Every structure is written in C-alpha cells, then in structure tokens.
Amino acid sequence: MNETVSIKGEIELDSVNRWYKIGIGLVELFFGIPILGGAIILAHAWSPLIILFILHIAGVILSSNAHRTKSGHILGIIGNIIGFIPVVGMIFHFLTGITLVIQGVLKK
C-alpha cells in the first residue's frame, strides 16, 4: 500500500513540475517581447526580475524533488540576475522561456 501512495505522489509531483515549467516558461517568453516586456519590467522597478528569480529557485527545488532536469530554472536564475542589461535580458528571457516550455512539454 505504501508503494502505491509513493508512486501516486511522484506522479502528482511530476505533473506539478511539468505545468510549473510551462507556466514560468510562458511568463519568461512574455517578458522577452521587445519593448513591451522591458517596459513592464522598468515600470515595476525591476520587481518582475526579483519575483521570477524567486520562482526559479522554487522551480529548482521542485525539479529536484521530482527528479527532473533543473537546467531551465538555472538558466532563468542567471538570466534574471543579469536581466537588467537591455538586450542581454531579452535574449535570456527568450532562451529561458523556450527551454522551460520544451522541458515541460517533453516531461524532462
């Protein structure tokens, strides 16, 4: 009986991890939109970068617990640290978003 519970828990955690990656990936892609994403980030005094940084740390923990790859979230952490640099930030948002969406869809 304990095996069934742990398998069910792992399946649910895997599903949460998958949708978390897709959701955060879509947010990253949105902030990567030229001018619009940057304008929103600037209008909110870079607080979206701080929030995404924290969400990526939570994503690393979630991915670790689900035994899935953490590379998309690690890329996101790096990207949000240097995201204040205009073109570099946009590129990192796109790379992070694409990586996370692909990892979520492929269940990695």
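These values consider heavy atoms only, across backbone and side chains, with no hydrogens, waters or symmetry-generated copies. FYI, the numbering just counts along the sequence from 1. Computed from a predicted structure; not experimentally measured.
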List the residues meeting side chain to side chain contact (heavy atoms under 4.5 Å, CB included) with Ile54, not counting sequence neighbours, and say none if there are none.
Ile50
Enumerate, atom names and distances included, each donor-acceptor pair closer than 3.5 Å involving a side-chain atom of residues 101-108, sequence neighbours excluded.
from: Gln103; atom 1: OE1; to: Lys21; atom 2: NZ; distance (Å): 3.4
from: Gln103; atom 1: NE2; to: Ser71; atom 2: OG; distance (Å): 2.7

To the nearest 0.5 angstrom, please state how far the CG atom of Leu52 sits from the CD1 atom of Ile77.
11.0 Å
Partner set under side-chain hydrogen bond (donor to acceptor under 3.5 Å, both in side chains) for His93, not counting sequence neighbours
Glu28
Going by the rule salt bridge (Lys or Arg N to Asp or Glu O under 4.0 Å), which residues pair with Arg18 if we only count those two or more places apart in sequence or in a different chain?
none
Distance in Å, Asn17 CG paired with Ile22 CD1, rounded so as to fall on 0.5 Å steps
10.0 Å
Of all pairs that satisfy ring-ring contact (aromatic ring centres under 6.0 Å, His included), the ones with a partner from residues 11-36, not counting sequence neighbours:
Tyr20-His73
Sorted by first residue and then second, give each salt bridge (charged side-chain N to carboxylate O under 4.0 Å, His left out) pair with at least one member in residues 65-93; sequence neighbours left out.
Asp14-Arg68
What residues form a side-chain hydrogen bond (donor to acceptor under 3.5 Å, both in side chains) with Thr99, not counting sequence neighbours?
none
Any side-chain heavy atom of Leu49 within less than 4.5 Å of one from Phe53?
no
Are any non-hydrogen side-chain atoms of Leu100 and His56 less than 4.5 angstrom apart?
yes
Residues 32-46, side-chain donor-acceptor partners within the protein, below 3.5 Å, at least two apart:
from: His44; atom 1: ND1; to: Ile40; atom 2: O; distance (Å): 2.9

Does any pair with a residue in residues 75-94 pass salt bridge (charged side-chain N to carboxylate O under 4.0 Å, His left out), and if so which ones, sequence neighbours excluded?
none
